[in-house]
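Okay, structure first, notes after.
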Amino acid sequence: MYRYDEFDHKFVAERVSQFRDQVQRRLNGELTEDEFKPLRLMNGLYLQLHAYMLRVAIPYGTLSSRQMRKLAHIARVYDKGYGHFTTRQNIQFNWPKLVDTPDILQELAEVEMHALQTSGNCIRNVTADQYAGVAHDEIDDPRIYAEIIRQWSTLHPEFSFLPRKFKIAVTGAETDRAAVKVHDIGITILINEAGDPGFRIDVGGGLGRTPIVGKTVRDFLPKQDLLTYLEAILRVYNMLGRRDNIYKARIKILVQSEGIERFRELVEMEFALLHGGSLDLPKSEIARIRAYFSPRAYEKLPDQLEEGMEASRADSEFDAWLATNTVPHKVSGYAIVNISLKPVGGIPGDASAEEMEAVADLADRYSYGEIRVTHEQNLTLPDVRQKDLYDLWLSLNISGLATANIGHAGDIIACPGLDYCALANTRSIPVAQNISRRFADMRRQLEIGPLSINISGCINACGHHHIGNIGILGVEKNGEEFYQITLGGRADDNAAIGRIVGPGFAFEEVTDAVETVVNTYLSRRSHENESFVEAYERLGEEPFKEALYAAR
Amino acid sequence: MPLVKNKQITEDSWTHIADAEDLPFDGSVIISADRWLTDRESLVHRNAPVGIRLRNNQSPADVAVDLHRFGVIALEFPAFKDGRAYTQARLLRERYRFEGEVRAFGEVLRDQLLFMQRCGIDAFEIHKREDAEAFEKAIGEITVFYQPAADARTPVSASRVTAVASWAY
Amino acid sequence: MTSKVVTANRLTDGLVVYLGYAGWTEDIHLARRASDDASREELLALAGKAVSDNEVADAWLIDIEAERAVRRRERIRAAGPTVRPDLGHQATRSA
């Protein structure tokens, strides 16, 4: 993974010092809240319902065990013993004191971390595929480009006061595991017909009030033009994005109002003028960053999942966990392990300091000290030897981290909602908990097969409900909590926005409604292997509407 | 309002003239770009220095042909959160090679000064006196830069090449 | 009968506070109530002063009825996250 050099260390140290000064000036009244707010937001510090909230950046979701231990330490010393992993691969602490934040940032800087640009109208954490570097189907490691973009976007003087937040995602595989189609800029690594490596650039995707799948602005961009092209897009957005209405300020609105052809013209004109300039990315620089992500010295091991593990596979719980929580690794004899942070009835994405430390220890023992944070609020150990899987599972089990529900009904994504968030209209966590408990039976989850359930407590859609197979959006109606259900969302290469199925459900009714939807699928699927979303696409919404509303 | 130029609070030799005001006979004046474009015929003959104010939704291209006539171009930050003038400043410096003064006016606060300077702004009508006094400190708070801009500061990429090169010897 | 109280987040630690009779309190039950226009104006003035004195980040009026906040959001602010009864003011008060 990327290691800070002397320049990076100096930078974060200066940044901490600058923020310390800004906090001091706020505390002594030299800065008003209005003047301080964009400054604290640029350092990831929100003011939420109960307290401040600090969002720490985990660049493209990659974390070392040392960093994870520091996060546990911060949770314990400065917060209330836990943190929350988010749908953008970051971590949030819910109870830091303003007066402590400079010290927290200083401690983070010690392990090469920061909270820069995790909020505010600037370029945010660049997210990537959580299996970067280890997945079978990868063309190139997206983290290389995510790191290059991260550096370029750090305190960019021209783009720190954009019309609105700006989110970029990079995917390096045939399958999109970074939801690039619903980002402001989505970057897909590919090889063109001539065999040259480069990128497809999509623009104007997003969720929230006006969910929309991004449009391709450039089919093929040579690698050396990456930063130049991004600069062109950001410049067009900075000048033309709306600033009169925060609900119309994202780039997706600009792309829609100009139309993709005109938008492309504007970008290409600017790009032509910038082309070949100081942002040209030489091969040597790509190689320099690539060196930080070079493959490990893997052992030469046979693929042994089929045989050689009979003894442990006799343990049916382990076997079930193997099936749901592990993924084939590109190197023979290794596996990618997902750790679910969705225990039955638990708070999705939350981890206690003890759990973080347990994961750090296991990463050291079994995964070369490296951990990934997924955008589904789970964790991943990317490089586990297959022969260690059983022992790893035993340890995970002891720590309560072996819930075998990845990608299934229990693996619910939920934003913090009205329990924590000042923007929320309704609670989302208890909805997740109720659904989780209703589907607690793992055999049932397996019978249902792959299913994503995403819950957002308001239209800002931090739970990514639009791209859940079953999406749930909380709305306030007459002071009561109501939940709209959407169906058919997808986050993959066939990205689709879910469709509202009908009138909303009260808090007490949602769990039953979700179960009705699932049962409808089970009774109507053409065969066992037709997934929920495939069945929905074939059947349309009618059978689900009927099942949900016929009685009403 | 204090004007900071060359890192110090200085006398402002320019005067802003509103569209409704008559233009004084002499003296260095800053008028709106719209006024320049409307009255260009007569203004090109003015003997005293002229500068223009661009609205932040105006393109520098609108006045590109006359840039050499302007001693100063003033860019507006109607609210400090409105960052369009950063782009205008960079375009003036990097694309149009404007060499006169580029000044920021409007809501110009301490914590935006370094960004402004990096974008090529070299004069600042600073809102608060204490921010003007802290100018040099403010722009010195960060010394590592991750991207090229309109200023002469070396971005990290170049420093890194030098660092590597120096170990080679 | 609805009355109004002032609530805010304390500047130094962001915690939820209410304007009481002797400064800010974390307990909504000890908040100073206003049931007519005059006392409401007075509360607003005190709130404004607290903001400019940098005691709190921002302050606003909320409705109270029968000893608790009317809006769900404010009830949650007063108590703490519904999913963590061990956190927030609900935890310290039940002690």
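In what follows, every heavy atom counts, from backbone to side chain, and hydrogens, waters and symmetry copies are set aside. On a predicted model such as this, the values are computed, not experimentally measured, just so you know.
- In this pair, Phe115(B) and Phe161(A) present their aromatic rings perpendicular. The plane angle is above 60°, beyond the 30 to 60° band.
- In this structure, the portion of Leu109(B) lying under 4.5 Å from any heavy atom of chain A is its side chain and not its backbone.
- Using modelled atom types, no side-chain atom of Asn121(A) and backbone atom of Lys81(B) make a donor-acceptor pair closer than 3.5 Å.
- Pro157(A) has its side chain out of reach of Tyr86(B): every pair of non-hydrogen atoms, C-beta onward, lies at least 4.5 Å apart.
- Open room surrounds CG on Asn6(B); 12 or fewer heavy atoms of other groups in view lie less than 6.0 Å from it.
- Remark: aromatic rings of Phe11(A) and Tyr146(B) are close, center separation under 6.0 Å.
- Considering only heavy-atom pairs separated by less than 4.5 Å from chain B, the leading option among Gln22(A), Met42(A), Met239(A) is Met239(A).
- Using a 4.5 Å cut-off between heavy atoms, Asn56(B) touches chain A through its backbone atoms (N, CA, C, O) alone.
- Chain B forms more heavy-atom pairs under 4.5 Å with one residue of Gln151(A), Glu285(A), Glu231(A) than with any other, namely Gln151(A).
- Both the backbone and the side chain of Thr154(A) come within contact range of chain B, judged by heavy atoms closer than 4.5 Å.
- Defined by atom type and a distance below 3.5 Å, a donor-acceptor pair is present between the side-chain atoms of Thr143(B) and Glu14(A).
- In this structure, the separation between CG on Leu273(A) and CZ on Arg95(B) is 4.0 Å, given to the nearest 0.5 Å.
- Using a 4.0 Å cut-off between charged side-chain N and carboxylate O, Arg25(A) and Glu130(B) make no salt bridge.
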Pair Val144(B)-Asp8(A), side chain to side chain contact (heavy atoms under 4.5 Å, CB included): steps then yes or no: CA-CA 8 Å; Val144(B) 178; Asp8(A) 301 312; 6.0 Å; no
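- Separating the CG atom in Asp131(B) from the CG atom in Leu31(A) is a distance of 7.5 Å, to the nearest 0.5 Å.
- With contacts defined as side-chain heavy-atom distances shorter than 4.5 Å, the pair Glu35(A)/Arg110(B) does not qualify.
- Crowding of Lys248(A) atom NZ: a count of heavy atoms from other residues, nucleotides or ligands under 6.0 Å not exceeding 12.
- For a residue to count as touching a neighbouring chain, one of its non-hydrogen atoms must lie under 4.5 Å from one of that chain's; by this rule Arg90(B) touches chain A with the side chain only.
- The shortest distance between side-chain heavy atoms of Glu158(A) and Arg118(B) does not fall below 4.5 Å.
- Taken from CD in Gln88(B) to CG in Asn238(A), the straight-line distance is 9.5 Å, to the nearest 0.5 Å.
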Evaluation steps, side chain to side chain contact (heavy atoms under 4.5 Å, CB included), between Arg15(A) and Glu141(B): CA-CA 8 Å; Arg15(A) 189 63 189 162; Glu141(B) 279 171 347; over 6 Å; no
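- Atom-to-atom distance recorded for Leu227(A):CG and Ser157(B):OG is 9.5 Å, nearest 0.5 angstrom.
- In terms of heavy-atom pairs under 4.5 angstrom with chain B, the leader among His156(A), Glu30(A), Lys10(A) is His156(A).
- Between the Gln147(B) side chain and the Trp152(A) main chain, a donor and an acceptor come within less than 3.5 Å of each other.
- Phe19(A) CZ to Asp111(B) CG: the interatomic distance, rounded to the nearest 0.5 Å, is 10.5 Å.
- Residues Leu114(B) and Leu155(A) fail the side-chain proximity criterion, which asks for heavy atoms closer than 4.5 Å.
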